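Proteins come first, then strands; the chains are lettered A, B, ... in the order of their sequence lines, and each starts at number 1. Since the structure is predicted, the reported quantities are computational estimates derived from the model, not experimental observations.
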2 protein chains.
Amino acid sequence: MLSDVMEDYLKAIYTLQMEQGPPVSTSDIAEYLGKTPPTVTSMVGKLEDRGLVDREKYKGVELTTEGETVALEVLRHHRLLEAYLTEHLDYSWSEVHDEADALEHHISEEFEKRVAAALGEPEVDPHGDPIPSADLTPPDSSGLSVLSDCEVGDHLVVARVSDRDPAELEYLSEAGVTPGTTIEVTDIAPFGMVTVRVGDGGREQSLPESVARTIRVRPPDEPDSEEVSPA
Amino acid sequence: MLSDVMEDYLKAIYTLQMEQGPPVSTSDIAEYLGKTPPTVTSMVGKLEDRGLVDREKYKGVELTTEGETVALEVLRHHRLLEAYLTEHLDYSWSEVHDEADALEHHISEEFEKRVAAALGEPEVDPHGDPIPSADLTPPDSSGLSVLSDCEVGDHLVVARVSDRDPAELEYLSEAGVTPGTTIEVTDIAPFGMVTVRVGDGGREQSLPESVARTIRVRPPDEPDSEEVSPA
DNA sequence: CTTTTACTTTAGACGCATCTAATCCGTGGT
DNA sequence: ACCACGGATTAGATGCGTCTAAAGTAAAAG
């Protein structure tokens with residue numbers, strides 16, 4: 001049996017691996033989880049003993065296949081819950097993350113099944129993050145770029161936004177920058193401030209670099225026309 | 001902040017107080033929670049330090065008003081969850097208890113509100129147990145008797161059944177003995193085996209004393225008819 | 001009134017997750 | 001090559017919740 005805490009570490013390592021690629025450093029995990037580095041070292045040792053991570057001392061850590069499977073299971077719970085809360089309990093985009101974090105370790109397989117069924121086996125959560133399938137094969141995230149890496153004139157579709165900061169989500173929701181929305185980059189100012197035109201003829205919206213960095217985008221569906229519609 | 005475990009103890013003490021009246025013994029709590037008596041002594045000491053229980057050494061323990069409020073909050077979560085799972089996620093009567101036990105400590109006040117709203121502010125859970133109101137005033141449970149204390153010829157309405165044993169619930173569900181059902185006691189055999197006629201002209205069903213002891217009944221709605229019940 | 005018995009509490013230990021303080025790599029700068 | 005500095009690990013302590021074994025108490029039985 002794995003503790004909630006271990007699951008949190010595995011989820012954190014998975015997320016950091018997605019963002020930066022392996023290996024993941026002790027201090028990055030510590031910062032992500034709000035723990036001190038010695039605490040992380042100690043926990044990572046236990047995860048290694050259980051075969052959930054591979055580790056090279058003083059270097060970093062990487063999930064084993066088994067560890068990744070656990071992380072995907074937790075992430076599936078998390079994202080199904082986010083979707084369910086949004087869809088059936090009238091939660092807004094920005095409220096679901098903390099609730100899902102609290103519940104994800106405590107739902108049964110049965111609950112997971114029923115929630116997935118009630119939602120019609122969804123493939124993405126409200127933030128655009130892919131929901132791992134029931135068989136826990138790693139979702140494919142290729143073909144996405146980070147908004148802050150794009151260039152003026154790019155026509156894009158918002159694929160995902162980070163679910164970690166409710167204030168940011170509130171802001172993006174106001175701005176109309178939600179998964180599936182078409183945007184055009186109209187300006188990139190100093191310090192990475194990105195200005196985009198939202199929707200087909202919509203308003204312009206400037207996003208600080210710290211926000212643009214957390215937004216993932218993909219090319220529009222029909223690459224040969226001017227502006228296209230989202231998925 | 002109270003730990004999950006402390007909440008479990010308070011809930012257990014509350015339940016035992018309802019069943020047996022205060023004070024509640026160390027060993028009863030231990031048995032109810034599946035812990036050893038020394039563990040309970042130790043935990044009860046901590047609850048006392050926090051002002052959640054009153055205790056007299058070697059005698060027993062009783063909830064303070066504050067402790068009772070916490071217990072009612074947890075119970076409200078538990079029973080709302082049971083109702084929600086049954087109503088909206090297609091759970092059966094016998095499956096909901098464990099799931100609710102796992103989730104009751106981890107839902108937010110917001111979640112509680114939305115679930116209650118989705119259900120239309122229900123007053124009882126699927127087992128007939130009263131759901132404490134949002135202001136956490138103690139529910140009134142007077143007017144109920146235990147089926148095993150009733151007599152042959154009594155006409156009764158099933159008010160509540162215990163939610164703790166899924167197998168028993170399965171059995172009662174089969175037997176048609178569910179909250180709201182009218183029954184008539186037709187026989188009481190040695191060792192407390194109670195036989196009842198279920199529904200108006202329905203079949204007869206024998207219930208072992210261990211089961212009859214967990215069923216709470218009330219008199220039928222019109223008290224001026226044939227037979228009425230004991231205290 | 002004494003003894004037995006059942007139950008409760010104290011004593012002492014353990015594993016988990018965490019921290020602070022101290023020590024230990026490894027690498028980039030000179 | 002050397003060394004300094006940033007990041008990682010070890011050392012050691014703490015609080016929680018749990019256990020077993022030993023000691024204590026209260027109430028029933030004699």
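Between B:His127 and B:Leu169, the shortest heavy-atom distance links the atoms NE2-CD1, 3.7 Å. When all heavy atoms of B:Pro126 and B:Glu82 are compared, the pair lying nearest together is CG-O, 3.6 Å.
When the salt bridge (Lys or Arg N to Asp or Glu O under 4.0 Å) test is applied to B:Glu121, no partner is found at least two apart in sequence or on another chain. Residues satisfying the ring pair (Phe, Tyr, Trp, His ring centres under 6.0 Å) criterion with A:His106, sequence neighbours excluded, are B:His106. Annotation: side chain to side chain contact (heavy atoms under 4.5 Å, CB included) contacts of A:Ala189 (sequence neighbours excluded): A:Asp187, A:Met193. Taking A:His77 as the reference, nothing meets the ring pair (Phe, Tyr, Trp, His ring centres under 6.0 Å) condition, with sequence neighbours excluded.
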Problem set entry | Residue pair A:Asp163, A:Val96: steps toward the side chain to side chain contact (heavy atoms under 4.5 Å, CB included) verdict | CA-CA 9 Å; A:Asp163 69 345; A:Val96 292; over 6 Å; no
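Each ring-ring contact (aromatic ring centres under 6.0 Å, His included) pair with one or both residues in residues 5-58 of chain B, not counting sequence neighbours, would appear here, but there are none. Note on residues 89-98 of chain B: pairs passing salt bridge (Lys or Arg N to Asp or Glu O under 4.0 Å), not counting sequence neighbours, are A:Arg114-B:Glu95. For residues 50-60 of chain A, every residue pair satisfying the salt bridge (Lys or Arg N to Asp or Glu O under 4.0 Å) rule, not counting sequence neighbours, is listed here: A:Glu48-A:Arg55. Residue pairs satisfying the salt bridge (Lys or Arg N to Asp or Glu O under 4.0 Å) criterion with at least one member in residues 9-35 of chain A, sequence neighbours excluded, are listed as follows: A:Lys11-A:Asp101, A:Lys11-A:Glu104.
Within residues 21-49 of chain B, the residues that have a heavy atom under 4.0 Å from DNA chain C are, in order of number, B:Ser25, B:Thr26, B:Ser27, B:Pro37, B:Pro38, B:Thr41. Within residues 54-61 of chain B, the residues having any heavy atom closer than 4.0 Å to DNA chain C are, in order of number, B:Arg55, B:Lys57, B:Tyr58.
Contacts between chain A and DNA chain D, taken as any atom within less than 4.0 angstrom of a protein heavy atom, begin and end at D:dG7 to D:dT10. Taking 4.0 Å as the cutoff to heavy atoms of chain B, we find the contact window on DNA chain C bounded by C:dC7 to C:dT10.
B:Leu63 places none of its side-chain heavy atoms less than 4.5 Å from the side chain of B:Val24.
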